[in-house]
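What follows is one structure encoded as C-alpha cells, with my remarks underneath.
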Amino acid sequence: MISLTLLMIAVAYLFGSLSSAVVISRLFGLPDPRTAGSKNPGATNVYRLGGRVPALLVLVMDILKGTIPVYGSYFLGIEPITLGLIAIFACLGHIFPLYFGFQGGKAVATAFGAMLPIGLDLAGLLILSWVIVVFLTGYSSLGALIAVSLAPLFTFLIKPLYTVPVAMLSLLIIVRHKDNITRLLAGNESKVWDKGKVKE
C-alpha cells in the first residue's frame with residue numbers, strides 16, 4: 001500500500017503540473033498568463049485576458065487535475081488522510097508545475113476538483129458560497145477564501161470522515177492567498193470584472 005500511495009502522490013503532482021492556463025492561452029493565441037494581467041496562471045486571469053470560453057476550459061481542466069488522481073486513489077482503497085495528502089500534491093503541482101518552470105497559480109479549482117469526489121452536495125455548497133461572495137463583493141479571491149474556509153465545516157456535516165483531509169487542503173489554499181488577503185485588508189484587491197486593476 002505504501003508503494004501504491006507514493007505512486008499516486010507522484011501521479012497527482014504530475015497531473016497538477018499541467019498548467020491549463022498556459023496551454024489554453026497558447027491554443028487561443030492569448031498572452032502568457034504568467035507574464036500578463038495578474039501574472040497568475042488561473043481561470044480568472046485567463047478570463048480577463050481572453051474571455052469566457054478559454055477561461056471555462058481552464059477551469060474544467062484545473063478541476064479535473066484534482067478529481068482524477070483523488071477519485072482514482074479512492075477506488076484503489078487508499079485511506080482518507082492519505083487521500084488528503086494526494087489532493088495536496090495535486091495542488092502543489094498546480095502551484096509549482098514541473099513542466100512550466102515551477103511558476104503556477106493558486107490551485108483553487110484544483111482543490112475544488114480534489115474535494116468533488118466527496119459528493120455533489122459539498123460541491124454545490126462550495127459553489128454557492130463562492131457565487132454569493134463574488135456577487136456581493138466582486139472579489140474572486142474573497143469568494144475562494146470564504147468557500148475553502150467553510151469547506152471543512154460542510155464536510156463535517158456531510159461526510160465527517162473526510163473533514164481532516166479537507167481541512168489540510170483548505171489550509172494550503174488559504175496560505176497560498178496570503179498576498180490576496182493583504183490586498184483585501186488594504187482595500188486594493190481587484191474585482192473579477194475589473195480590466196484595469198489586474199492584481200489577483
Side-chain angles (χ1 to χ4, degrees), residues 1-24 33-34 40-46 57-123 125-127 130 141 144-145 147-156 158-180:
M1 184 60 76
I2 293 177
S3 58
L4 178 61
T5 299
L6 292 175
L7 173 63
M8 293 311 298
I9 285 173
V11 168
Y13 175 74
L14 293 174
F15 257 83
S17 289
L18 181 60
S19 182
S20 310
V22 175
V23 172
I24 295 299
R34 296 170 297 176
N40 178 58
T44 303
N45 194 29
V46 172
L57 291 173
V58 170
L59 181 63
V60 170
M61 289 181 66
D62 282 348
I63 289 172
L64 290 175
K65 290 193 307 186
T67 302
I68 291 173
V70 172
Y71 216 17
S73 299
Y74 169 78
F75 278 111
L76 290 172
I78 292 177
E79 296 297 316
I81 295 296
T82 310
L83 287 176
L85 187 61
I86 290 168
I88 285 174
F89 269 85
C91 291
L92 287 175
H94 182 89
I95 295 169
F96 305 109
L98 177 66
Y99 320 122
F100 296 92
F102 302 100
Q103 186 180 357
K106 301 291 175 62
V108 174
T110 303
F112 173 77
M115 297 179 196
L116 197 55
I118 294 174
L120 293 179
D121 40 6
L122 175 61
L125 287 170
L126 293 176
I127 293 170
W130 184 85
S141 58
L145 285 165
V148 298
S149 296
L150 291 172
L153 174 61
F154 293 152
T155 304
F156 177 76
I158 296 167
K159 287 188 179 176
L161 184 63
Y162 296 98
T163 302
V164 173
V166 168
M168 293 162 55
L169 200 54
S170 296
L171 182 60
L172 173 65
I173 301 305
I174 291 170
V175 170
R176 183 61 174 163
H177 278 75
K178 63 183 186 301
D179 292 338
N180 301 86

*For S17 and F100, which heavy atoms make the closest approach, and how far apart are they?*
O-CD1, 3.5 Å
*Where is the tightest heavy-atom contact between P97 and Y13, given as atom of each residue plus distance?*
C-OH, 4.2 Å
*Minimum-distance pair of heavy atoms, taken over all atoms of L64 and P69*: O-CD, 4.0 Å
*Got a sec, which residues hit ring-ring contact (aromatic ring centres under 6.0 Å, His included) with F102, two or more places apart in sequence or on another chain?*
none
*asked:* Could you walk me through whether V166 and F154 satisfy the side-chain contact (heavy atoms from CB on, under 4.5 Å) test, starting with their C-alpha distance in whole Å, then the side-chain angles of each, then the deciding distance to 0.1 Å, before giving a yes or no?
replied: CA-CA 10 Å; V166 168; F154 293 152; over 6 Å; no
*Has the side chain of N45 got a donor or acceptor atom that lies under 3.5 Å from a matching backbone atom of P33?*
yes
_side-chain contact (heavy atoms from CB on, under 4.5 Å) for L125 and I158? Distances and angles first, verdict last._
CA-CA 11 Å; L125 287 170; I158 296 167; 3.9 Å; yes
*Looking at A114 and V70, what are the two nearest heavy atoms and their distance?*
O-CG1, 3.6 Å
*CZ-OG1 distance between F15 and T67, expressed to the nearest 0.5 angstrom*: 10.5 Å
*Out of curiosity, T110 OG1 to I88 CD1, how far, rounded to the nearest 0.5 Å?*
13.0 Å
*Atom CG of L120 with >12 non-hydrogen neighbours under 6.0 angstrom*: no
*Tell me, with the steps shown, if T44 and K106 meet side-chain contact (heavy atoms from CB on, under 4.5 Å).*
CA-CA 11 Å; T44 303; K106 301 291 175 62; over 6 Å; no
_I127 side chain reached by F112 side chain, heavy atoms, under 4.5 Å_ = yes
_Spacing of L85 atom CG and M8 atom CE [to the nearest 0.5 Å]_ = 12.0 Å
_If we ignore hydrogens and angles and just use 3.5 Å, is the side chain of Y74 paired with the main-chain N or O of I118 as donor and acceptor?_
no
*When you look at CZ of F156, are more than 12 heavy atoms from neighbouring residues, nucleotides or ligands closer to it than 6.0 Å?*
no
_On a heavy-atom basis, which atom in G104 and which in N40 lie closest, and how many Å separate them?_
O-OD1, 4.1 Å
_Close side-chain approach of S20 to D62, heavy-atom, < 4.5 Å_ = yes
*Taking R176 for its side chain and G105 for its backbone only, find out whether a donor-acceptor pair lies under 3.5 Å.*
yes
*Where the side chain of S170 meets the backbone of S149, is there a donor-acceptor pair that is under 3.5 Å apart?*
no
*Report yes if some heavy atom in the side chain of L122 is under 4.5 Å from a heavy atom in the side chain of L126; otherwise report no.*
yes
*Any side-chain heavy atom of L172 sitting closer than 4.5 Å to one from L92?*
yes
*From CG (L4) to OG1 (T82), nearest 0.5 Å*: 10.0 Å
*OG1-OH distance between T155 and Y162, expressed to the nearest 0.5 angstrom*: 11.0 Å
*asked:* Within the structure provided, determine whether V164 and P80 are in side-chain contact (heavy-atom separation under 4.5 Å).
replied: no
*With distance as the sole test, does Y71 use its side chain to make a donor-acceptor pair with the main-chain N or O of G66 at under 3.5 Å?*
no
_Please report the interatomic distance CD1(I63) to CD1(I68), rounded to the nearest 0.5 Å._
11.5 Å
*Would you find a donor on one side and an acceptor on the other, under 3.5 Å apart, between the side chain of K65 and the backbone of L18?*
yes
*asked:* I'd like to know if the side chain of H177 reaches the main chain of I173, judged simply by a donor and an acceptor atom lying under 3.5 Å from each other, with no hydrogens or angles considered.
replied: yes
_Where S73 and L83 come nearest, the two heavy atoms and their spacing_ = CB-CD2, 3.5 Å
